[in-house]
Amino acid sequence: MIIVGVDGSRAGLDAVAWAAREAALRGVPLTVAYAMPRWAIETRSGRYADVAAWMRDGCDTVLAAGRERARREQPELEVVTAALPGDARDSLTRAAEDAQLLVVGSHGVGGVRGMLIGSVAYGVTAHATCDVVVVRALPSLPRGEIVVGVDGSPRSRAVLEFAFAEAELRGAELRAVHAWAWPRPEGFDPADPGSERDEQLVLKETLAGFGDLHPDVTVIEELVHGHPVEVLRQAAAGADLLIVGTRGYGTFAGMVLGSVSQAMLHESPCPLVVVRGDRPAL
């Protein structure tokens, strides 16, 4: 199952369109979900009954629009709708516990001007137990290329498992990008041949074995000296999908998202997948 959150915004409907296509590729049903206060779902009489009924009507309208968009994208897809009680971040996270993917738009109704990522998108990405897709922008035409960030950390395996499987499913090329730089307060150390050879070895060792498991996937290895956020942003421009992990090297204990994955929530020029590195291996 894939679950997608909607809120009546265009961003939410774009997320539905992406999720419908992905569900069709995987051959799984799609759940279109909308979160609203529990009291509005449960209140049927009393002083606030009319307000609750008005809110339920609004929920039905939003869910109907989401269902219609999904079926317009994939007429044969099994689509169900769900009204979830409570805060959107918590309720979507709970609803997606057994899902393959949780999909949300980058921002929606009620966003503050200037905010690049909505609180719901950030919240579910940080706390969901399944992989999360944040749809910032739908590519106008599929390029047939997926970009995955490789950092050589132990969690890279889960990220690459997802990336290779997704590329195989779509018949797309996979661009594996490893950005490296040694930061100093005044900037970055210049690249040197010795360090570059070491980083090239990290990339090759991290990718080792995946080609045998997915022989039909064409892999482009790309080693770039630069800040990972800027490198990934440029690599993903025009791509169908960007895939990153939750955290890699250099994060503090207790941080839920690493600095690169947090930044890509704001910077990704295409739909972004954040793969849970703490999930069981496939």
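Since the structure is predicted, the reported quantities are computational estimates derived from the model, not experimental observations.
- Once rounded to the nearest 0.5 Å, the distance linking CG of D50 with CE of M55 reads 13.5 Å.
- Within the 4.5 Å cutoff, no side-chain heavy atoms of L201 are placed close to those of L203.
- Side-chain heavy atoms closer than 4.5 Å link hydrophobic residues (I, L, V, M, F, W, Y) into clusters, and following such links, even through other members, never connects V6 to M1.
- Here the shortest heavy-atom pairing between V260 and P228 reads CG2-CB, 3.9 Å.
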Might you work through the side chain to side chain contact (heavy atoms under 4.5 Å, CB included) test for V244 and L272, ending with a clear yes or no? CA-CA 8 Å; V244 298; L272 172 72; 3.9 Å; yes
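- Proximity of L174 to T218: side-chain heavy atoms (C-beta onward) are nowhere separated by under 4.5 Å.
- A side-chain donor-acceptor contact under 3.5 Å links R44 to the backbone of I41.
- Of the inter-residue distances, the one linking R175 atom CZ with L242 atom CG reads 12.5 Å to the nearest 0.5 angstrom.
- In E73, the CD atom is crowded: over 12 heavy atoms of neighbouring residues, nucleotides or ligands sit closer than 6.0 Å.
- Summarising the geometry of F210 relative to R157, their closest heavy-atom pair is CZ-NH1, 3.5 Å, with the distance given to 0.1 Å.
- In this structure a side-chain-to-backbone donor-acceptor pair under 3.5 Å is missing from D240 to I146.
- Using a distance-only test at 3.5 Å, with no hydrogens or angles considered, a donor-acceptor pair links the side chain of S261 to the main chain of T246.
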Between V79 and R71, is a side chain to side chain contact (heavy atoms under 4.5 Å, CB included) present by the stated rule, with each step listed? CA-CA 8 Å; V79 182; R71 288 180 172 163; 4.1 Å; yes
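- Put simply, the side chain of H178 gets close to the backbone of V150: a donor and an acceptor are under 3.5 Å apart.
- Ring geometry, W180 versus H225: the interplanar angle exceeds 60°, so the pair is classed perpendicular (tilted spans 30 to 60°).
- With rounding to the nearest 0.5 Å, the separation of SG in C270 from CH2 in W18 is 10.5 Å.
- Put simply, the side chain of V273 reaches to within 4.5 Å of the side chain of L241, judged on heavy atoms.
- Annotation for A235 and V177: closest pair CB-CG2, 3.9 Å, computed over non-hydrogen atoms.
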Hey, mind stepping through E196 and Q200 against side-chain hydrogen bond (donor to acceptor under 3.5 Å, both in side chains) and telling me if it holds? CA-CA 6 Å; E196 186 170 359; Q200 185 68 57; over 6 Å; no
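- Listed for the S268 side chain is no donor-acceptor partner under 3.5 Å among the backbone atoms of L265.
- For the pair V274 and F162, the minimum side-chain heavy-atom distance is 4.5 Å or more.
- A salt bridge is defined here as a Lys NZ or Arg NE, NH1 or NH2 lying under 4.0 Å from an Asp or Glu carboxylate O, and R26 with E166 meets this definition.
- Between R89 and Y122 there is no side-chain heavy-atom pair separated by less than 4.5 Å.
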Could you please spell out the steps behind the salt bridge (Lys or Arg N to Asp or Glu O under 4.0 Å) verdict for E22 and R170? CA-CA 9 Å; E22 185 70 14; R170 293 167 174 248; 3.1 Å; yes
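- Here the shortest heavy-atom pairing between A239 and V147 reads CB-CG2, 3.9 Å.
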Working note: V148 + L160, criterion side chain to side chain contact (heavy atoms under 4.5 Å, CB included); need CA distance, chi angles, decisive distance, verdict. CA-CA 7 Å; V148 58; L160 287 170; 4.1 Å; yes
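- Both V133 and V28 are part of a single hydrophobic cluster, where members link through side-chain heavy atoms under 4.5 Å apart.
- Taking 4.0 Å as the cut-off between side-chain N and carboxylate O, R56 and E42 do not count as a salt-bridged pair.
- Under the 4.5 Å side-chain contact rule for hydrophobic residues, I220 and L223 do not share a cluster.
- Note on L13: it does not cluster hydrophobically with V4, by side-chain heavy-atom contacts below 4.5 Å among ILVMFWY residues.
- For D131 (side chain) and L101 (main-chain N/O), no donor-acceptor pair under 3.5 Å exists by modelled atom type.
- Looking at V275 and I243, their side chains come closer than 4.5 Å, going by heavy atoms from C-beta outward.
- Atom CG of L232 sits about 10.0 Å away from atom NE2 of H227, to the nearest 0.5 Å.
- A179 and G226 make their closest contact through CB-O, 3.9 Å (heavy atoms, listed as atom of the first residue, atom of the second, distance).
- Taking the side chain as every heavy atom from C-beta outward, H214 and V219 never approach each other to under 4.5 Å.
- In this structure, OG1 on T61 lies 6.5 Å from CG on D57, to the nearest 0.5 angstrom.
- By the 4.5 Å heavy-atom criterion applied to side chains, W39 and V51 are counted as neighbours.
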So V135 and V104, side chain to side chain contact (heavy atoms under 4.5 Å, CB included) or not? Walk me through it. CA-CA 6 Å; V135 180; V104 294; over 6 Å; no
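- Closest approach of L30 to A19, counting heavy atoms only: CD1-CB, 3.7 Å.
- Using a 4.5 Å cut-off between side-chain heavy atoms of Ile, Leu, Val, Met, Phe, Trp and Tyr, with links allowed through other members, L169 and L213 fall into different hydrophobic clusters.
- A distance of 10.0 Å separates CD1 of I2 from OG1 of T31, quoted to the nearest 0.5 Å.
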